[in-house]
Amino acid sequence: MRAGDQRAACNAVLDTAEILLCYMALITLALAWEAGIPLGSTAAIKEKPTSGRGGPGLGDWAALMQEAATSRNLRELPHQHPIRSIRSLPADHDAAAASTCGTPHMNCTCCARS
């Protein structure tokens, strides 16, 4: 595979991961809202478009999922509540690594976006 093809494929995978993380975060927000439990990270997500800084991105969605995973109020919901399954995703080591690997950094060839 040529370098350009590899970079395009990597970008497509990262874009897909961001979209999936966004959907999971939105489902989490809806379930938390329905349960009457506010999540503090929604303030940053709401503020971005109105402040002219663009829209929410991978880091915002990852932060929301991390907050949901550690929320004491969400932990107190019944075991059969659907949010319980979603909350465990950030604890998965592969999912956690993927959610933080969207920014180019030294020695990382998988996510050096062009």
Side-chain angles (χ1 to χ4, degrees):
M1 181 180 281
R2 294 188 332 232
D5 293 341
Q6 186 175 9
R7 184 174 305 271
C10 182
N11 285 339
V13 168
L14 288 173
D15 289 343
T16 301
E18 182 174 357
I19 291 166
L20 291 173
L21 189 59
C22 171
Y23 282 132
M24 286 186 342
L26 292 174
I27 291 168
T28 301
L29 276 174
L31 290 170
W33 180 79
E34 184 270 334
I37 300 171
L39 296 175
S41 51
T42 58
I45 292 171
K46 287 179 186 178
E47 178 193 279
K48 269 190 162 180
T50 58
S51 69
R53 297 183 305 148
L58 184 67
D60 298 303
W61 304 127
L64 188 139
M65 293 303 296
Q66 189 60 44
E67 179 184 356
T70 58
S71 169
R72 189 172 304 164
N73 290 331
L74 292 178
R75 189 178 325 131
E76 293 172 359
L77 290 172
H79 287 295
Q80 66 273 20
H81 195 283
I83 205 166
R84 302 282 292 203
S85 299
I86 295 172
R87 288 183 65 240
S88 67
L89 290 172
D92 179 284
H93 296 298
D94 292 335
S99 71
T100 60
C101 192
T103 309
H105 53 276
M106 188 180 289
N107 300 325
C108 181
T109 58
C110 74
C111 54
R113 298 184 100 166
S114 55

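What you see is a predicted model, and the numbers here were worked out from it, not measured in a lab.
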Nearest-0.5 Å distance, CG of residue Asn73 to CG of residue Leu39:
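Atom-to-atom, Asn73:CG and Leu39:CG are 9.0 Å apart.
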
How many angstroms lie between atom CG of Asn11 and atom CD of Gln6, to the nearest 0.5 angstrom?
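If I round to the nearest 0.5 Å, the distance is 11.0 Å.
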
Could you list the donor-acceptor pairs under 3.5 angstrom formed by side chains in residues 23-32, with sequence neighbours left out?
{"unit_1": "Thr28", "atom_1": "OG1", "unit_2": "Met24", "atom_2": "O", "d": "2.8"}

What pairs of residues pass the salt bridge (charged side-chain N to carboxylate O under 4.0 Å, His left out) test when at least one of them lies in residues 55-81, not counting sequence neighbours?
Lys48-Asp60

Other cluster members, Leu20 - Ile/Leu/Val/Met/Phe/Trp/Tyr, side-chain contacts below 4.5 Å:
none

Could you list the residues that satisfy side chain to side chain contact (heavy atoms under 4.5 Å, CB included) with Ala44, not counting sequence neighbours?
none

Write down the atom of [X], the atom of [Y], and the distance for their closest heavy-atom approach.
X: Glu18; Y: Leu58; result: OE2-N, 3.2 Å
X: Leu74; Y: Arg84; result: O-NH1, 4.0 Å
X: Pro56; Y: Ile45; result: CG-CG2, 3.8 Å

Under the rule for side chain to side chain donor-acceptor pair (under 3.5 Å), what residues qualify as partners of Glu47, not counting sequence neighbours?
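Only Arg53 meet the side chain to side chain donor-acceptor pair (under 3.5 Å) criterion with Glu47.
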
Per the side-chain hydrogen bond (donor to acceptor under 3.5 Å, both in side chains) rule, what does the pair list look like for residues 29-38, sequence neighbours excluded?
none

